[in-house]
Number of protein chains: 2
Amino acid sequence: MKELQKYLNAISPIQDKTWDRIELLFSEKKLTKGAYFIEEGETAKQIGFLQSGIIRAFYRNNEGIEYNKHFFIQNNIIGGYSSLVTSMPNIIFQQALTDCVILVAQYAEITKLYDLCPDFERVGRKLAEFYFVEKEKREIEIVLLEADKRYLIFRKEYPQLEQLIPQYQIASYLGITPTQLSRIRRKFSER
Amino acid sequence: MKELQKYLNAISPIQDKTWDRIELLFSEKKLTKGAYFIEEGETAKQIGFLQSGIIRAFYRNNEGIEYNKHFFIQNNIIGGYSSLVTSMPNIIFQQALTDCVILVAQYAEITKLYDLCPDFERVGRKLAEFYFVEKEKREIEIVLLEADKRYLIFRKEYPQLEQLIPQYQIASYLGITPTQLSRIRRKFSER
DNA sequence: CAATTTCATTTACATATGTAAATAAAGCTA
DNA sequence: TAGCTTTATTTACATATGTAAATGAAATTG
């Protein structure tokens with residue numbers, strides 16, 4: 001719990017009594033490798049905080065081809081934001097790539113608390129803004145940079161991850177096939 | 001002004017007296033073709049509502065290569081959202097592709113009004129959420145679809161635009177060269 | 001209207017990436 | 001540990017896209 005408090009406080013300061021209320025909303029839950037935090041067809045209801053483990057957020061098209069939109073690592077908020085705010089079924093799913101421990105809260109409870117604690121609502125808004133900026137950056141990377149450059153950015157952004165998850169998950173994040181990632185890796189190791 | 005009121009009301013209802021205050025913040029401004037609403041290096045201060053004309057939002061990298069992130073058409077909000085919320089210099093610029101008439105307000109005045117009118121703040125929040133969802137959709141398109149499919153989506157999304165702006169602007173939106181767009185267009189017209 | 005500039009298309013070639021199948025390596029399980 | 005399954009790499013070929021330069025068409029301007 002301590003880590004969640006630290007995380008929220010770093011975004012925007014929250015009062016101690018606000019934290020007392022927040023704490024009550026979250027409870028610990030375990031996800032084993034391969035299990036889903038958000039599944040196909042569901043409408044998102046919960047929000048989480050990843051205490052340990054790795055989760056991927058991904059999209060799957062009609063032909064079953066998947067694209068990894070994002071990897072979540074320790075001490076980050078998880079949950080289907082678009083689905084939460086639109087109340088439409090998820091099109092982005094979230095799955096544990098390793099065993100995970102998460103803190104889970106009902107999103108409806110969170111928004112209720114927004115009404116009572118403006119300092120907490122500010123955290124929520126800033127978080128959304130931060131995600132927006134991140135997304136803008138990634139969109140530009142995807143269009144303007146080639147896969148080898150994006151691979152280097154991935155390694156910088158997630159230094160630990162490369163050892164922990166399969167190559168084909170990384171390829172999917174980069175928007176290329178495992179074949180192509182293999183070629184890129186060979187190219188870099190040859191020098 | 002009427003159109004702006006309609007636009008905001010459609011997102012979330014605003015009271016008449018709230019609208020009276022909003023109206024005071026906006027004033028009309030003209031942009032001639034080629035002029036910038038947001039320029040390089042600046043930090044965004046203003047927000048606008050496009051009454052007529054076309055504006056492109058684009059990114060330019062170190063080598064001067066540009067990527068059109070978005071086209072704004074009539075009756076849409078414009079402005080450098082990321083820069084407004086982070087107070088960092090713009091990395092996305094906005095330029096008129098045709099002569100434009102816009103309504104302009106100081107963003108600081110807008111946020112001040114949020115404090116007074118919760119119904120207006122709700123509009124702001126919903127708008128941000130809507131943008132977020134749009135972005136998620138576009139990210140998926142870019143990674144998962146090939147240029148010819150994205151071209152068809154562009155034509156559906158902006159039916160009028162193809163006649164009004166140069167092909168190379170469209171190519172830049174699709175993340176390809178004018179050469180490649182030309183090939184794609186030929187492919188479609190051959191059938 | 002002629003000249004100039006801007007834009008779109010085409011051409012030829014190079015490269016990045018995809019697909020499908022084979023092989024190699026690593027990890028898991030009975 | 002042996003055998004099975006999953007994952008990673010390699011190979012051969014096809015295709016999408018890029019680059020650079022030439023050409024053609026359209027728009028603009030003096």
Side-chain angles (χ1 to χ4, degrees), chain A residues 32-35 54 56 58-68 71 95-99 140-155 161-191, chain B residues 32-35 54 56 58-68 71 95-99 140-155 161-191:
Chain A
T32 50
K33 182 175 173 175
I54 300 165
R56 70 177 179 127
F58 69 102
Y59 171 83
R60 187 190 295 132
N61 72 5
N62 299 331
E63 289 111 49
I65 297 169
E66 294 180 357
Y67 158 60
N68 283 342
F71 295 118
Q95 181 188 31
L97 291 180
T98 66
D99 289 349
I140 292 167
E141 281 171 10
I142 291 171
V143 179
L144 245 42
L145 301 182
E146 279 168 7
D148 55 347
K149 304 268 183 13
R150 300 205 301 276
Y151 175 57
L152 294 178
I153 291 174
F154 162 81
R155 295 213 299 195
L161 231 58
E162 195 162 16
Q163 327 305 332
L164 295 176
I165 62 177
Q167 296 293 322
Y168 68 85
Q169 295 288 5
I170 298 172
S172 168
Y173 176 79
L174 298 174
I176 56 178
T177 56
T179 307
Q180 184 60 12
L181 178 54
S182 181
R183 284 192 278 239
I184 289 170
R185 284 159 55 83
R186 181 177 46 183
K187 194 183 74 179
F188 283 128
S189 68
E190 270 168 5
R191 305 199 179 144
Chain B
T32 50
K33 182 175 172 174
I54 300 165
R56 70 177 179 126
F58 69 102
Y59 171 83
R60 187 191 293 132
N61 73 4
N62 299 330
E63 291 111 48
I65 297 168
E66 294 180 357
Y67 159 60
N68 283 342
F71 295 117
Q95 182 189 30
L97 292 179
T98 66
D99 290 348
I140 292 166
E141 281 171 10
I142 291 171
V143 179
L144 245 42
L145 301 182
E146 277 167 9
D148 55 346
K149 304 264 183 14
R150 299 204 303 275
Y151 174 59
L152 294 177
I153 290 174
F154 162 81
R155 295 213 299 195
L161 231 58
E162 195 163 15
Q163 327 307 329
L164 295 176
I165 63 176
Q167 296 292 323
Y168 68 85
Q169 295 288 4
I170 298 170
S172 168
Y173 176 79
L174 298 174
I176 56 178
T177 56
T179 306
Q180 184 60 14
L181 177 54
S182 180
R183 284 193 279 239
I184 289 170
R185 284 159 57 82
R186 180 177 47 185
K187 194 183 76 179
F188 284 129
S189 68
E190 270 167 6
R191 304 190 182 151

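Convention: sequence-line order gives letters A, B, ...; per-chain numbering from 1.
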Subject >> Contact pattern, 5' to 3', of nucleotides 8-18 of chain D - B, S or - by protein heavy atom under 4.0 Å >> reply: SSBBB---SBB
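Inter-residue side-chain proximity for Q95(A) and E66(A) is flagged as unmet; no heavy-atom pair is nearer than 4.5 Å.
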**OP:** Give the C-alpha distance, both sets of side-chain angles, the deciding distance and a yes or no for side-chain contact (heavy atoms from CB on, under 4.5 Å) between Y67(B) and I65(B).
**Re:** CA-CA 7 Å; Y67(B) 159 60; I65(B) 297 168; over 6 Å; no
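Between the C1' atom of dT19(C) and the CD1 atom of I65(A) lies a distance of 11 Å, rounded to the nearest Å. Rounded to an integer number of Å, the gap from L164(B) CG to dC7(C) P is 15 Å.
To the nearest 0.5 angstrom, T98(A) atom OG1 is 9.0 Å from L161(A) atom CG.
A donor and an acceptor atom, one from each side chain of Y151(B) and Q180(B), are nowhere located under 3.5 Å apart.
At least one donor-acceptor pair closer than 3.5 Å links the side chain of D99(A) to the backbone N or O of K33(A).
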